[in-house]
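A short write-up of the structure that comes next.
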Amino acid sequence: MAKPNKKLPERVVKVVCAGCGAKLFKYHKNGKGALVKCFKERVAVNYCENACHCPNCHQMFAREQIIRGAAAYKIIGGKAKID
């Protein structure tokens with residue numbers, strides 16, 4: 001499988017916790033679909049102290065995985081949303 005494109009998309013979205021609304025990170029998102037996975041190299045600003053855990057409510061919102069040969073966060077359904 002091909003690796004994700006190195007050129008960052010123009011669109012930057014804010015990813016927030018679905019439970020408490022705290023900022024998780026700003027992400028260079030490609031396309032208009034739902035947020036399923038976030039490649040680490042596309043994260044612009046990360047607000048989390050612990051990886052994959054909300055800084056406010058400490059709930060786990062994603063799992064770290066290797067997707068298409070690149071490190072990524074696999075979002076758990078309903079735990080994070082785009083603001």
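For Ile67, the side-chain contact (heavy atoms from CB on, under 4.5 Å) test picks out Lys37, Phe39, Gln65, Ala72, Lys74, with sequence neighbours left out. Partners of Glu41 according to the side chain to side chain donor-acceptor pair (under 3.5 Å) rule, which considers only residues two or more places apart in sequence or in another chain, do not exist here. The side-chain contact (heavy atoms from CB on, under 4.5 Å) test applied to Ala62 returns Cys52, Tyr73, Ile75, not counting sequence neighbours.
Taking the side chain as every heavy atom from C-beta outward, Tyr27 and Val15 approach each other to under 4.5 Å. Counting heavy atoms from C-beta on, the side chains of Val45 and Lys23 never come closer than 4.5 Å. For the pair Arg63/Ile76, a side-chain contact is recorded, criterion being any heavy-atom separation below 4.5 Å from C-beta on. Annotation: side chain of Lys40 is in contact with side chain of Glu64 (closest heavy-atom distance under 4.5 Å). No side-chain heavy atom of Leu35 sits under 4.5 Å from any side-chain heavy atom of Lys81.
When all heavy atoms of Phe25 and Asn46 are compared, the pair lying nearest together is CB-CA, 3.9 Å. When every heavy atom of Cys54 is checked against every heavy atom of Leu24, the shortest pair comes out as CA-CD2, 3.9 Å. In this structure, His58 and His53 approach most closely via the heavy-atom pair O-CD2, 3.7 Å. Taking each heavy atom of Ala18 and Gly78 in turn, the nearest pair found is CB-O, 3.2 Å. Among all heavy-atom pairs drawn from Ala44 and His28, the shortest one is CB-NE2, 3.8 Å.
Lys79 NZ: 12 or fewer foreign heavy atoms inside a 6.0 Å radius.
Hydrophobic clustering of Ile, Leu, Val, Met, Phe, Trp and Tyr side chains at less than 4.5 Å, counting indirect connections, keeps Val43 apart from Val12.
For the pair Arg11 (side chain) and Gly31 (backbone), a donor-acceptor distance under 3.5 Å is present.
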